[in-house]
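Quick notes on the structure that follows.
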Amino acid sequence: MNSKKLQPSTMVLHVVLIIGACIMGLPFLWMILSALKDLSQVFVVPPKWIPEPFVWSNFKTSLTALPFGRAYFNSFYINVIVVFAQLITCSMAAYAFAKIRFPFREPLFILFLATMMVPGQVTIIPLYLMMKNFGWLDTHQSIIVPAALLNAFGVFLLRQFFRGIPKEMEEAAIVDGANRFTIYTRIMLPLVKPALSALGIFTFLGMWNNFFYPLIFLNSPEQFTVPMMLNLYRGMYATDWTLMMAGASIALLPVLVVYMIGQRYIIEGVTLSGIKG
């Protein structure tokens with residue numbers, strides 16, 4: 001019975017990946033262990049990895065010291081709205097760029113992709129003035145609407161999938177009397193589910209960790225999202241690192257759950273988007 005032997009290069013690659021994974025995991029391990037320490041043990045030299053004793057009450061205190069329940073609710077409902085809105089707007093734009101011929105389609109798509117090279121910090125001042133004129137400062141509309149309307153990466157990702165769908169399927173549907181909207185909803189969307197799933201996960205992870213825009217637009221603690229609420233543990237003269245680490249550990253749970261559930265869709269969506277079209 002022949003056994004397949006690992007090549008030396010494959011073994012070296014596995015060792016490098018394992019070492020890299022351990023290095024990447026050290027900050028998360030340090031965060032969780034710091035959340036279980038007393039404040040006096042966090043920055044001792046030499047560092048103590050194992051807490052003595054384990055202060056499990058830090059997790060409860062981190063949730064009760066600040067209105068974290070409200071922040072979790074704000075983050076969840078903002079994420080849900082933005083994810084669904086982006087799936088709709090990005091898929092419609094991607095379908096148009098991939099399957100509908102109209103004047104200046106390719107130049108417009110290139111110009112649209114060029115927005116990915118513009119950092120958000122460059123456009124924050126005009127965006128702030130727009131939100132001020134709309135009366136949306138210190139409201140969640142200032143976070144939801146800009147994110148829901150524009151995502152060049154999402155359009156690019158879905159366009160690659162739409163371009164990989166044979167045009168004969170669309171032509172057959174047109175012969176049967178289907179209009180563009182029917183083709184888009186009944187034929188195209190079901191065929192790009194992996195890409196839609198990957199985009200939804202990317203959007204959720206990005207919005208959940210979004211700190212910059214809430215910092216600019218939100219002022220009231222009852223409007224804060226989870227990253228903004230964690231920032232309140234940072235005082236002017238001192239920072240309660242144990243409570244911050246405990247809150248960060250709890251805030252990490254939804255991200256880990258979403259990523260573990262959707263890991264297959266992320267890999268499939270990114271891989272196929274690079275080989276289609």
**Message:** If only side-chain N and O atoms count, and only distance matters, is there a donor-acceptor pair under 3.5 Å linking Asn58 with Thr61?
**Reply:** no
**Request:** Count the heavy atoms belonging to other residues, nucleotides or ligands that lie under 6.0 Å from CZ of Phe181, then report whether that count exceeds 12.
**Result:** no
**Message:** Within the supplied structure, the quantity of interest is the number of heavy atoms (other residues, nucleotides, ligands) at a distance under 6.0 Å from Arg186 CZ; does it exceed 12?
**Reply:** no
**Item:** Side-chain touch Ile183/Met188, heavy atoms, less than 4.5 angstrom
**Value:** yes
**Request:** Determine the minimum heavy-atom distance between Met207 and Asn79, stating which atoms define it.
**Result:** CB-OD1, 3.3 Å
**Prompt:** So, do Phe162 and Phe97 sit near enough that their side-chain heavy atoms are less than 4.5 Å apart?
**Reply:** no
**Message:** More than 12 heavy atoms of other residues, nucleotides or ligands under 6.0 Å from CZ of Phe84: yes or no?
**Reply:** no
**Asked** Going from CD on Gln223 to CD1 on Ile143, what distance comes out if it is rounded to the nearest 0.5 angstrom?
**Response** 10.0 Å
**Geometric cation-pi criterion, Lys37 with Trp56: 6.0 Å, 45°** = no
**Request:** Would you please test Asn74 and Thr225 for side-chain hydrogen bond (donor to acceptor under 3.5 Å, both in side chains) and show each step?
**Result:** CA-CA 6 Å; Asn74 291 340; Thr225 57; over 6 Å; no
**Fill in**
Separation between CD (Gln41) and CD1 (Ile50), nearest 0.5 Å, reads 11.0 Å
**Message:** Evaluate Leu150 against Phe112 for side-chain contact (heavy atoms from CB on, under 4.5 Å), listing each step before the verdict.
**Reply:** CA-CA 10 Å; Leu150 179 63; Phe112 191 70; 3.2 Å; yes
**Request:** Check whether Met24 and Leu256 end up in the same hydrophobic cluster, where Ile, Leu, Val, Met, Phe, Trp and Tyr are linked by side-chain heavy atoms less than 4.5 Å apart.
**Result:** no
**Asked** Transitively linked via ILVMFWY side-chain contacts under 4.5 Å: Tyr213 with Val118?
**Response** no
**Test log, rule side-chain hydrogen bond (donor to acceptor under 3.5 Å, both in side chains), inputs Ser91 and Tyr184** = CA-CA 9 Å; Ser91 62; Tyr184 162 72; 2.5 Å; yes
**Item:** In one Ile/Leu/Val/Met/Phe/Trp/Tyr side-chain cluster, 4.5 Å: Phe104, Leu113
**Value:** yes
**Prompt:** Around Ile125, counting heavy atoms of other residues, nucleotides and ligands shown, do more than 12 lie under 6.0 Å from its CD1?
**Reply:** no
**Message:** Could you check whether atom NZ of Lys132 has more than 12 heavy atoms from other residues, nucleotides or ligands sitting under 6.0 Å from it?
**Reply:** no
**Request:** Step through the shown structure and confirm whether more than 12 heavy atoms of other residues, nucleotides or ligands are within 6.0 Å of CE on Met92.
**Result:** no
**Message:** Is there a side-chain contact (heavy atoms from CB on, under 4.5 Å) between Thr139 and Phe217? Walk through the geometry before answering.
**Reply:** CA-CA 8 Å; Thr139 66; Phe217 296 125; over 6 Å; no
**Cluster overlap Val155 with Ile110, hydrophobic side-chain contacts below 4.5 Å** = no
**Prompt:** Salt bridge between Arg101 and Glu106, side-chain N to carboxylate O under 4.0 Å?
**Reply:** no
**Request:** Mind telling me whether Phe204 and Phe76 have parallel, tilted or perpendicular rings, with 30° and 60° as the class edges?
**Result:** tilted
**Message:** Could you tell me if Arg159 sits above the aromatic ring of Phe109, with its cationic atom closer than 6.0 Å to the ring centre and no more than 45 degrees from the axis?
**Reply:** yes
**Message:** How about CZ on Phe54, more than 12 heavy atoms from neighbouring residues, nucleotides or ligands closer than 6.0 Å, or not?
**Reply:** yes
**Message:** With a sphere of 6.0 Å drawn around CH2 of Trp136, does it hold more than 12 non-hydrogen atoms of other residues, nucleotides or ligands?
**Reply:** yes
**Prompt:** For the hydrophobic clusters of this structure (ILVMFWY residues joined by side-chain heavy atoms under 4.5 Å, transitively), does one cluster hold both Met244 and Val55?
**Reply:** no
